[in-house]
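Heads up: the structure comes next, in structure tokens.
Quick caveat: nothing in here was measured; it's all calculated off a predicted structure.
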Amino acid sequence: MLEGKKVIVGITGSIAAYKAAFLVRLLMQQGAEVRVVMTPSAVNFITPLTLSSLTGNPVHVQLQDQDTWHSHIELGLWADLMIIAPCTATTLAKMAIGQADNLLLAVYLSLRCPVMIAPAMDVDMWRHPSVQQNVQILVGRSHILIPVGNGKLASGLTGEGRMAEPQEIVESVQTFFYKNLTLKGLRVLITSGPTREPLDPVRFLTNRSSGKMGAALAESFLKMGAEVTIVSGPVAEGLYPPNAKVIQVETAEEMLNACLDSADSADWFVFAAAVADYRPEEVSAEKLKKNHPEWTIRMVKNPDIAREISSRRKSHQRMIGFALETEHEREHAIQKLHTKNLDCIVLNSLKHPGAGFETDTNKVTVFCNDKSEVDIDLRKKSEVAEGIVSFLISKYI
Ligand code: C5P
């Protein structure tokens, strides 16, 4: 995804510097050309040799080594993007005031390309008003801030301040490079995850769905520059990409209402949610007591969200559904394509080991209303999502 992109990774003196080696590797695996600059204190945490071995390029730390002058201007002109990861409180402060007392800062001041910052520090340092003020100054200069994580810190304290994981940083890099691409300006609404239909304040009926496919689709659409809104039932925290707008719902009716709110403004609808087809007719206000030998629940039909939305469709809107089938897969999927008035439907067959819900892999076939179809082989859900999005682009853009 990053072929031909020229990226400078700037490493500063933080315990998180070891993660920079993973970051460099991931960027290179994606096809980026990477050059590394380090502050003198960063070499106490990770050796330049490790990074020069990974990149195949010399790593620069000093403005001059013995009798060689390193041109920070040349690097600044070369790069398409500079990522400072980890970025310490000291480097943040020097960037904010334009101090260039090491090579990394001299490169930074010579850049003509955008800058990403992945801060790393202890929770109290991160919260300190002077650090927050410096962050705001840099964000105000259109630097891209990669949010710090929350969790256990090297000091033993717990809280905000951890450097984002290398994979998250690479995702931000991909979004940065691809936001100008094919789907720029396209608004995509994705339904994702299960719905929960309450019986009483503590019990509910639901479907087995992790939301992983919806998350992978969101990621693929974002990479191509689309604006993504996810209307999601309850899923694991942190599942969805941070740059997607997420509307959390519980029941099918809430999911429908959230989709109706976007019915005019979205261009493409992707119905990846596992919506409960029925809900209990009555929801008890109090917890139901288990004093009956049997319990019969009367169920009523939930609205079909895909059908409702497609019945209101405008001519430029596209409707993409999903079907999870266990028998007569092809016939059932094509039937749903027509009854729900969709443009295409993505069939998951539970007969394929590794396909379906709660797995990390998937294998699908996409059927379109013009009778065309395409198979996407068993791969990671992220790759299947990229395959689906590429297919949709080839079809509708
Ligand atoms: O459940 P069913 O097999 O009919 O689901 C097929 C497609 O319809 C999926 O895209 C699913 O998200 C959508 N659907 C919906 N509302 C429902 C049931 C399913 O949007 N109540």
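Remark: K301 NZ is loosely packed, at most 12 non-hydrogen atoms of other residues, nucleotides or ligands lying under 6.0 Å away. Heavy atoms from other residues, nucleotides or ligands lying under 6.0 Å from CD of Q132 number more than 12. Atom CZ of F22 has 12 or fewer neighbouring heavy atoms from other residues, nucleotides or ligands inside a 6.0 Å radius.
Taking the side chain as every heavy atom from C-beta outward, T55 and V24 approach each other to under 4.5 Å.
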Could you give the side-chain donor-acceptor pairs of residues 285-297 under 3.5 Å, partners two or more places apart or in another chain?
none

Under 3.5 Å, which donor-acceptor pairs do the side chains of residues 94-109 form with other protein atoms, sequence neighbours left out?
| unit_1 | atom_1 | unit_2 | atom_2 | d |
| --- | --- | --- | --- | --- |
| K94 | NZ | D101 | OD1 | 3.0 |
| K94 | NZ | D101 | OD2 | 3.0 |
| Q99 | NE2 | D101 | OD2 | 3.0 |
| N102 | OD1 | L104 | N | 3.2 |
| N102 | OD1 | L105 | N | 2.8 |
| Y108 | OH | H143 | NE2 | 2.7 |

Just distance, no hydrogens or angles: give the donor-acceptor pairs under 3.5 Å from side chains in residues 5-14, sequence neighbours left out.
| unit_1 | atom_1 | unit_2 | atom_2 | d |
| --- | --- | --- | --- | --- |
| T12 | OG1 | P86 | O | 2.7 |
| T12 | OG1 | T88 | N | 3.1 |
| S14 | OG | A16 | N | 2.9 |

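A side chain to side chain donor-acceptor pair (under 3.5 Å) check over residues 187-196, counting only residues at least two apart or in different chains, returns the pairs R187-D267, S192-Y240, T195-E197. The salt bridge (charged side-chain N to carboxylate O under 4.0 Å, His left out) analysis of residues 16-31, with sequence neighbours excluded, yields the pairs K19-E165.
Salt bridge present: R279 and E253 bring a charged side-chain N and a carboxylate O closer than 4.0 Å.
Side chain of E308 to main chain of I305: no donor-acceptor pair is present (N/O by atom type, distance under 3.5 Å, no hydrogens or angles). Between the side chain of N207 and the backbone N or O of V275, at least one donor-acceptor pair lies under 3.5 Å.
No donor-acceptor contact under 3.5 angstrom links the side chains of T175 and S172, judged on distance only.
With hydrophobic clusters built from ILVMFWY side chains whose heavy atoms lie under 4.5 angstrom apart, V231 does not share a cluster with V235.
In this structure, the salt bridge (charged side-chain N to carboxylate O under 4.0 Å, His left out) partners of D304, at least two apart in sequence or on a different chain, are K340.
Below 30°, between 30° and 60°, or above 60°: for F271 and F269 the angle between ring planes is below 30°, a parallel geometry.
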